[in-house]
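A quick write-up on the structure given underneath.
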Amino acid sequence: MADHCIFCAIVEGKIPSHKVYEDEKTLAFLDIHPSAPGHTLVIPKAHITRVEDLPEEDARHLFAALHKIVGRIQEAMGAPASTIGINNGRESGQEVPHVHIHVIPRNRGDRGGMIQGVSGSPQRLNDEEMARIAKEIRERIKGV
Ligand code: 5GP
Ligand code: ZN
């Protein structure tokens, strides 16, 4: 548990939250400034800042918890859909340095956007550039 981390304080019960789910490794609670009713944050109890630094076991647990509750959140809010996203690092908009998955219930006509819009500048890349990019990524993944 990290000092001064608001989500660690929530895990420890030192500050209150509206919890919706808890197991030994994960916690889910309502976002204090909801983008929609039922906006939920699903977090690992361990203080890890970024997805890539989560131990694999914690990553599995986190996604399993998301999988378990996402349909129930939608059902409870009468929402046919949800946007699921992670701000992974400060430049992406991450303000709380403790991994959290946002689950935002969505409705037709809610005037929200799509995840693909978050980077602000869509790219047109030709096939050669795409092939080079894929190779760069593949080479770094190799042996991981
Ligand atoms: P981020 O930008 O880091 O992905 O989002 C952090 C989220 O945490 C924000 O949507 C914010 O409203 C929420 N949040 C920040 N502090 C608290 C808090 O003390 N309690 C709860 N429930 N949510 C918080
Ligand atoms: Zn923390």
Side-chain angles (χ1 to χ4, degrees), residues 1-127 129-131 133-138 140-142 144:
M1 302 294 162
D3 285 347
H4 312 303
C5 171
I6 197 114
F7 288 177
C8 283
I10 287 175
V11 168
E12 290 169 29
K14 288 182 180 155
I15 65 166
S17 68
H18 294 282
K19 292 181 187 172
V20 301
Y21 174 78
E22 182 166 16
D23 64 33
E24 77 275 21
K25 278 184 173 288
T26 58
L27 180 66
F29 53 95
L30 297 182
D31 191 302
I32 204 166
H33 292 128
S35 299
H39 181 171
T40 298
L41 302 172
V42 190
I43 72 169
K45 288 186 171 175
H47 179 81
I48 308 287
T49 298
R50 297 173 67 122
V51 168
E52 58 269 41
D53 298 326
L54 276 172
E56 192 172 332
E57 189 61 13
D58 289 32
R60 280 185 209 286
H61 271 268
L62 189 62
F63 202 86
L66 169 71
H67 170 258
K68 191 180 294 221
I69 70 178
V70 62
R72 309 302 175 169
I73 294 169
Q74 290 168 183
E75 220 175 275
M77 294 301 107
S82 55
T83 292
I84 297 169
I86 300 174
N87 294 319
N88 195 43
R90 198 190 292 270
E91 294 77 5
S92 71
Q94 184 177 13
E95 289 180 347
V96 178
H98 183 134
V99 172
H100 49 282
I101 305 175
H102 291 263
V103 180
I104 303 174
R106 299 294 304 271
N107 275 287
R108 184 181 290 272
D110 65 10
R111 296 186 297 138
M114 286 157 53
I115 289 228
Q116 296 94 310
V118 296
S119 72
S121 45
Q123 307 280 306
R124 280 209 189 83
L125 299 170
N126 64 35
D127 201 51
E129 291 166 320
M130 296 284 268
I133 290 167
K135 183 164 170 276
E136 293 284 347
I137 297 172
R138 270 199 313 271
R140 283 166 176 79
I141 292 173
K142 223 185 287 169
V144 168

Is [Y] close to [X] at the side-chain level, that is, under 4.5 Å between some pair of heavy atoms?
X     : Y      : result
Ser82 : Val70  : yes
Pro80 : Asn107 : yes
Glu52 : Asn88  : yes
Ile48 : Pro55  : yes

Search all heavy atoms of [X] against all heavy atoms of [Y] and return the closest pair with its distance.
X      : Y      : answer
Thr26  : Lys45  : O-CE, 3.6 Å
Val51  : Val99  : N-CG2, 3.8 Å
Pro16  : Ile10  : O-CG1, 4.5 Å
Gly120 : Pro122 : O-CD, 3.7 Å
Ala36  : Pro105 : CB-O, 3.5 Å
Asp58  : Ala46  : OD2-CB, 3.7 Å

Within residues 95-120 or reaching into it, pairs that qualify as ring pair (Phe, Tyr, Trp, His ring centres under 6.0 Å) - sequence neighbours excluded =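 Applying ring pair (Phe, Tyr, Trp, His ring centres under 6.0 Å) to every pair that reaches into residues 95-120, excluding sequence neighbours, yields Phe7-His100, His39-His102, His47-His98, His100-His102.
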Gap between atom [atom2] of [Y] and atom [atom1] of [X] - 0.5 Å precision:
X      : Y      : atom1 : atom2 : answer
Lys14  : Cys5   : NZ    : SG    : 11.0 Å
Leu27  : Ser17  : CG    : OG    : 6.0 Å
Ile69  : Ile101 : CD1   : CD1   : 8.5 Å
Ile84  : Thr40  : CD1   : OG1   : 11.0 Å
Leu54  : Leu62  : CG    : CG    : 6.5 Å
Asp110 : Arg108 : CG    : CZ    : 10.5 Å

Is the backbone of Asn126 close enough, under 3.5 Å, to the side chain of Glu129 for a donor and an acceptor to pair up by distance?
->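 Side chain of Glu129 to backbone of Asn126: a pair is present.
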Any donor and acceptor pair, going by atom type alone, linking the side chain of Thr83 with main-chain N or O of Ile104 inside 3.5 Å?
->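 Here the side-chain-to-backbone pair does not exist.
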ring-ring contact (aromatic ring centres under 6.0 Å, His included) against His61, all qualifying residues, sequence neighbours excluded =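 ring-ring contact (aromatic ring centres under 6.0 Å, His included) list for His61, sorted by chain: empty.
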More than 12 non-hydrogen atoms from neighbouring residues, nucleotides or ligands closer than 6.0 Å to CD on Glu56, yes or no?
->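 For Glu56, atom CD is not crowded (no more than 12 foreign heavy atoms under 6.0 Å).
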